[in-house]
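Notes follow once the structure below has been shown.
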Amino acid sequence: MGLFDFRKKKQEETADVNQNQNEQVNAAKEKEADRWSLAHQANPQAYQDSNGAPFLVFTVTEETDTILPMDPRQMYKIKGKEVRDIRLGLVSTSEDQVIGDLPFYLCSETLAVNTVESRPPFALVRGMSLEEMKTLIEEVQAEIDARMEMQALFAENLDFLSRDEITPEVVTRAFEGDDLETYTFEDVSFPTGELIAADPISYLQDPDSTGYLRQTVAPGRYPVTISIHHSEDNPVRIVGMRVKFLPQEAVSYTLAEDYRLVGDEGEEHEEKGYSGFAVEAGMATFCDRQAAESYWEFLDEWEEENPDGNLYDDYLADLFVQSYEEHPDIQREGGDFIRFAVPGSEDEIVMAASGFGDGFYGMFWGQDADGKIVELVTVFIDPDLYEKL
């Protein structure tokens, strides 16, 4: 065989290999397309619960590929209204019965793992074995139990948050204890001494929703401390936050009142606010008025440059992830706190997760034996509930 004959033979072999590969790819595509045509299309079945509220059920059957909606709340409505209660029914052919009735969205992680292909707004989910279905039921039930337990704790905590007074013993227990760890942001700037307590992701972003504490402090740089609770069964949680103005110990606490600036056409006046602050995005801060004003300027510029953007998802989330990577032992994955340097200024805002999340939290001035204000404190979680966390 000459050299050119050898090359010719190799070219023919390569062509055969390429042809075989193309045939395999085409066969795989045909098989995939056929898998969609053979799969069960799960259509919604509408029912009413004992209170007359509607709910939808999508059924999957053991070892049966199923086409499911990726986001059924967006796709299906009853009389033009969104259906909040959507369930996944699990049918076993081996046991010839329905073995599960689960909240659809709590199954989303397992459904995503088992998705063969997505063709929005639908996904082709491979059939699960009986064992896999029972495992899914166990995992979802554990998640439901955990959520119910947390809801019960949240309800108990509401009684604590509704109090209009707090004792030194409660504050001590909120920042000292075997299951607690504190983290301090040293020398945080408070250049005006006019303070704000707010949710930095929601209310602080709107000047009209921002309240200013009536009591002021001397301008300066002060430590902001958060208290973090550790638990074997639940993720770490921030249970308290305070700013320390003087080193003396607080022997009493009084409610910190704030006010709002309201008015039209540039004519503003003070209006009585609240003895506490609302949280809607699960975050809290004690910051200076100047920092808030710099924050608003930054927000205006950022929103102008990102008209369709979301500040948290598109900007702050990366900073929280970075914080988690630097301190993974004292916050949840994704991050629970940051020291935010407001771009275009020398101002900063400490942002920290608020206990059980959304709610209304009291703020208290701590005073020493001479009546001097030594700290500003908020406690997110009743210390009596620590053992249940």
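Bear in mind the structure is a predicted one, so any value in this text is a computation, not a measurement. Position 1 is the first residue of the sequence; numbering continues from there.
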**Item:** CD/E326: more than 12 non-hydrogen atoms of other groups inside 6.0 Å
**Value:** yes
**Asked** How far apart are the closest heavy atoms of V170 and P383, and which atoms are they?
**Response** O-CG, 3.8 Å
**Message:** I'd like to know if R126 and E132 make a salt bridge, using a cut-off of under 4.0 Å between side-chain N and carboxylate O.
**Reply:** yes
**Request:** Give a yes or no on whether a salt bridge exists between E293 and R289, defined as a side-chain N under 4.0 angstrom from a carboxylate O.
**Result:** yes
**Prompt:** Does NZ or CZ of R221 lie under 6.0 Å from the centre of the six-membered ring of F190, at an angle within 45° of the ring axis?
**Reply:** no
**Cation-pi, F55 ring and R87 (6.0 angstrom, 45 degrees)** = yes
**Request:** Please assess Q331 against S323 for the test side-chain hydrogen bond (donor to acceptor under 3.5 Å, both in side chains), listing each intermediate value before the final yes or no.
**Result:** CA-CA 9 Å; Q331 52 188 322; S323 173; 3.0 Å; yes
**Test of ring centre spacing under 6.0 Å for Y76 and F58** = yes
**Request:** Could you tell me whether F277 and F360 have their ring centroids closer than 6.0 angstrom?
**Result:** no
**Request:** For the pair R84 and E82, find out whether any cationic side-chain nitrogen is under 4.0 Å from an anionic carboxylate oxygen.
**Result:** yes
**Prompt:** Is any NZ, NE, NH1 or NH2 atom of the basic residue among D384 and R173 found under 4.0 Å from an Asp or Glu carboxylate oxygen of the other?
**Reply:** yes
**Message:** Within the supplied structure, the quantity of interest is the number of heavy atoms (other residues, nucleotides, ligands) at a distance under 6.0 Å from E156 CD; does it exceed 12?
**Reply:** yes
